Amino acid sequence: MVKPEITFKVGAVRASVFRNIIEKAGKTITLPKVAIEVRYKDKTGQWNGTNSLSLNDIPKAILALQKAFEYLMAHKGSGQ
């Protein structure tokens, strides 16, 4: 599994920044991507993740995504 460049956590919500590298017309292009996940413990106590948001998760997701956006804008074109 590819590790994220950086992850922003707000409560149980995570916004992880990845940079996908593709070849197009003989050029290497880096495409930034952000994955959103909500972590929770199931009935057995195991940690799991989902991309389904509850009402209370929405403001946390907005804040985590805003932080990811600000990071990407400050690090345009870099793979860090």
Side-chain angles (χ1 to χ4, degrees):
M1 178 180 238
V2 177
K3 290 190 119 189
E5 185 174 314
I6 190 167
T7 298
F8 298 95
K9 299 175 188 176
V10 181
V13 178
R14 296 177 178 190
S16 298
V17 175
F18 296 87
R19 293 193 191 260
N20 295 346
I21 299 171
I22 63 167
E23 295 285 329
K24 188 171 184 178
K27 293 184 180 180
T28 302
I29 300 171
T30 303
L31 298 173
K33 301 283 184 175
V34 177
I36 191 94
E37 180 183 43
V38 179
R39 299 291 291 166
Y40 67 94
K41 277 190 180 180
D42 65 16
K43 294 177 185 177
T44 66
Q46 295 292 324
W47 283 100
N48 290 295
T50 182
N51 58 2
S52 180
L53 303 173
S54 70
L55 179 63
N56 291 333
D57 292 329
I58 294 171
K60 295 172 188 173
I62 291 169
L63 182 55
L65 288 167
Q66 181 66 39
K67 289 180 177 186
F69 176 75
E70 290 170 0
Y71 173 83
L72 286 169
M73 295 307 292
H75 297 88
K76 278 185 179 178
S78 75
Q80 188 179 339

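Being a predicted model, the structure only gives us computed values, none of them experimental.
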Taken to the nearest 0.5 Å, the spacing of Asn20 CG from Thr30 OG1 works out to 9.0 Å
Query raised in the report: Do Phe18 and Phe69 belong together in a cluster built from hydrophobic side chains that touch within less than 4.5 Å?
Result: no
Answer with yes or no whether the hydrophobic clustering places Tyr40 together with Phe8; edges join I, L, V, M, F, W, Y residues whose side-chain heavy atoms lie under 4.5 Å apart. no
Notebook entry, point to check: If you group Ile, Leu, Val, Met, Phe, Trp and Tyr by side-chain heavy-atom gaps below 4.5 Å, do Tyr71 and Leu65 land in one group?
Noted result: yes
- Query: Side-chain contact, heavy-atom cut-off 4.5 Å: Arg19 with Val2?
  - Reply: no
Show me the side-chain donor-acceptor pairs of residues 52-60 shorter than 3.5 Å, one per line, residues at least two apart or across chains.
from, atom 1, to, atom 2, distance (Å)
Ser54, OG, Asp57, N, 3.4
Ser54, OG, Asp57, OD2, 3.0
Asp57, OD2, Ser54, N, 3.2

- Using the rule that two of Ile, Leu, Val, Met, Phe, Trp, Tyr join whenever any of their side-chain heavy atoms come within less than 4.5 Å, decide whether Ile6 and Val13 are in one cluster. yes
Between Thr7 and the options Lys3, Glu5, Lys9, the side-chain contact (heavy atoms from CB on, under 4.5 Å) test singles out Lys9
Worksheet entry | From CA spacing to verdict: side-chain contact (heavy atoms from CB on, under 4.5 Å), Lys67, Val17 | CA-CA 10 Å; Lys67 289 180 177 186; Val17 175; over 6 Å; no
Taking every heavy atom of Ala64 against every heavy atom of Ala15, the minimum-distance pair comes out as O-CB, 3.6 Å
Quiz item: Cluster question for you: counting only ILVMFWY and a side-chain heavy-atom cut-off of under 4.5 Å, with indirect links fine, are Leu63 and Val34 together?
Solution: no
In short, salt bridge (Lys or Arg N to Asp or Glu O under 4.0 Å) pairs touching residues 34-55 with sequence neighbours left out are Glu37-Arg39
